[in-house]
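For reference, the structure is listed below as structure tokens.
Basis for what follows: all heavy atoms, side chains included, without hydrogens, waters or symmetry-related copies.
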Amino acid sequence: SVFAGVSDALKEARKNPRLMLSFVAAFAARGDLAVAGTYFALWFMHIGTAQGIDSTVVAATSGQYFGLLNLSIMLWAPVYGIIIDRVNRVTAVIIGLATASAGYFFMGMIDDPFNPALIIPACIILGMGETSAVVSCGSLAGQEAPARIRGSVIGFYALCGTFGILTLSFICGTIFDAFSPTAPFIFMGIVNLAVVLLAVFVRLRYGDTVST
């Protein structure tokens with residue numbers, strides 16, 4: 001049953017911290033994609049309206065920069081896939097989420113998103129970080145999932161990602177209204193950094209152990 005599959009995945013994760021890390025990383029990484037896709041345009045609209053810029057110009061500008069972010073995701077994904085094949089998978093998660101954290105912090109410190117000198121490198125770094133986080137935690141889950149319950153593990157991994165999208169999108173919407181339009185980016189930088197610290201602990205404590 002579905003519940004038996006979830007139970008099997010959780011039991012395996014309790015025995016294998018590297019698998020548990022992949023679930024936590026999926027929560028953050030999938031949330032990264034949702035938050036960037038949702039609040040990027042809202043951020044531009046909030047600032048553009050305050051500056052008196054026409055809404056059509058704001059929409060066109062935000063669309064161009066979001067396209068750049070997605071172009072960075074697309075071009076960097078195969079490159080990071082090659083990197084993942086050559087390093088420890090937990091190390092790949094650390095690098096990926098650290099890059100995403102840096103991209104979010106960079107984005108969150110920008111006062112004027114219409115400044116190309118700042119927003120262009122921020123979009124590139126964040127795009128690289130997002131794809132690195134998603135690809136690396138997925139590869140870790142695939143490596144650590146035992147063959148006998150691999151379907152259940154991957155299914156629960158996807159469930160963690162979905163839960164991350166729902167939870168982090170809701171929290172970021174709340175702090176967007178309560179604090180500032182850049183608050184969701186700062187918050188996601190903190191979330192990714194917290195997972196990086198967990199991954200560093202797992203890497204140092206459990207090394208290269210792989211389940212069979």
Side-chain angles (χ1 to χ4, degrees), residues 1-37 70 72-101 103-104 126-171 188 190-212:
S1 69
V2 173
F3 296 106
V6 170
S7 176
D8 287 342
L10 288 173
K11 287 178 182 178
E12 190 63 32
R14 283 196 292 268
K15 297 186 294 182
N16 185 348
R18 293 160 64 93
L19 184 59
M20 180 65 77
L21 172 63
S22 74
F23 294 157
V24 176
F27 176 89
R30 293 295 179 180
D32 283 345
L33 295 173
V35 168
N70 281 280
S72 175
I73 290 175
M74 182 181 69
L75 295 179
W76 182 246
V79 176
Y80 203 67
I82 295 172
I83 294 173
I84 289 173
D85 284 337
R86 288 161 173 74
V87 300
N88 179 279
R89 296 293 168 88
V90 177
T91 300
V93 169
I94 293 171
I95 297 171
L97 272 82
T99 306
S101 179
Y104 269 115
L126 183 56
M128 293 171 61
E130 286 186 350
T131 192
S132 297
V134 171
V135 173
S136 60
C137 63
S139 67
L140 178 61
Q143 173 184 272
E144 296 297 319
R148 60 186 176 80
I149 56 168
R150 182 161 291 141
S152 297
V153 168
I154 298 304
F156 186 74
Y157 167 86
L159 182 64
C160 290
T162 302
F163 187 61
I165 292 172
L166 294 173
T167 304
L168 296 175
S169 295
F170 175 78
I171 294 174
M188 290 306 300
I190 295 171
V191 170
N192 281 275
L193 182 59
V195 181
V196 168
L197 296 177
L198 174 63
V200 169
F201 170 78
V202 171
R203 180 71 177 92
L204 295 176
R205 176 66 178 82
Y206 298 98
D208 297 321
T209 302
V210 179
S211 62
T212 56

Worksheet item: Would Glu130 and Met188 count as a side-chain contact (heavy atoms from CB on, under 4.5 Å) if you check the C-alpha gap in whole Å, the side-chain angles of each, and the deciding distance to 0.1 Å?
Response: CA-CA 11 Å; Glu130 286 186 350; Met188 290 306 300; over 6 Å; no
Worksheet entry | Student check: side-chain heavy atoms of Pro17 and Arg205 closer than 4.5 Å | no
Item to complete: With sequence neighbours left out, write down each residue that passes side-chain hydrogen bond (donor to acceptor under 3.5 Å, both in side chains) with Ser132, or none if nothing qualifies.
Response: Trp76
Discussion item. I'd like to know if the side chain of Thr99 reaches the main chain of Ile95, judged simply by a donor and an acceptor atom lying under 3.5 Å from each other, with no hydrogens or angles considered.
Written reply: yes
Worksheet, complete the sentence: Value for CG (Leu166) from CZ (Phe170), rounded to nearest 0.5 Å, stands at 11.0 Å
Item to complete: State the CE-CG distance between Met20 and Leu10, to the nearest 0.5 angstrom.
Response: 6.5 Å
Discussion item. I need the minimum non-hydrogen distance between Leu140 and Arg18, along with the two atoms involved.
Written reply: CD2-O, 3.4 Å
Discussion item. Once salt bridge (Lys or Arg N to Asp or Glu O under 4.0 Å) is applied, what residue pairs with a partner in residues 73-87 remain, sequence neighbours excluded?
Written reply: Asp85-Arg89
Fill in: Residue list, side chain to side chain contact (heavy atoms under 4.5 Å, CB included) with Ile154, at least two apart or on another chain
Ala141, Arg150
Fill in: Atom pair OG (Ser101) and CD1 (Ile94), whose distance is rounded to the nearest 0.5 Å
13.0 Å
Worksheet item: Just by distance, do the side chain of Ser22 and the backbone of Leu19 share a donor-acceptor pair under 3.5 Å?
Response: yes
Worksheet item: Which residues pass the side chain to side chain contact (heavy atoms under 4.5 Å, CB included) test with Ile190, sequence neighbours left out?
Response: Phe105, Ile186
Practice prompt. Taking all non-hydrogen atoms of both residues into account, name the closest pair between Ala77 and Thr131 and its distance.
Written response: CB-OG1, 3.3 Å
Worksheet, complete the sentence: Sorted by chain and residue number, the side-chain hydrogen bond (donor to acceptor under 3.5 Å, both in side chains) partners of Ser169 (sequence neighbours excluded) come out as none
Discussion item. Which residues pass the side chain to side chain contact (heavy atoms under 4.5 Å, CB included) test with Ala92, not counting sequence neighbours?
Written reply: Tyr80, Ile84, Val87, Ser136
Review item, side-chain donor-acceptor pairs of residues 23-37, under 3.5 Å, at least two apart:
unit_1, atom_1, unit_2, atom_2, d
Asp32, OD1, Asn192, ND2, 2.8
Asp32, OD2, Asn192, ND2, 3.4

Item to complete: Measure the spacing between CD of Glu12 and CZ of Phe156 and express it to the nearest 0.5 Å.
Response: 12.5 Å
Worksheet, complete the sentence: When rounded to the nearest 0.5 Å, the distance separating CZ of Arg203 from CG of Asn88 is 3.5 Å
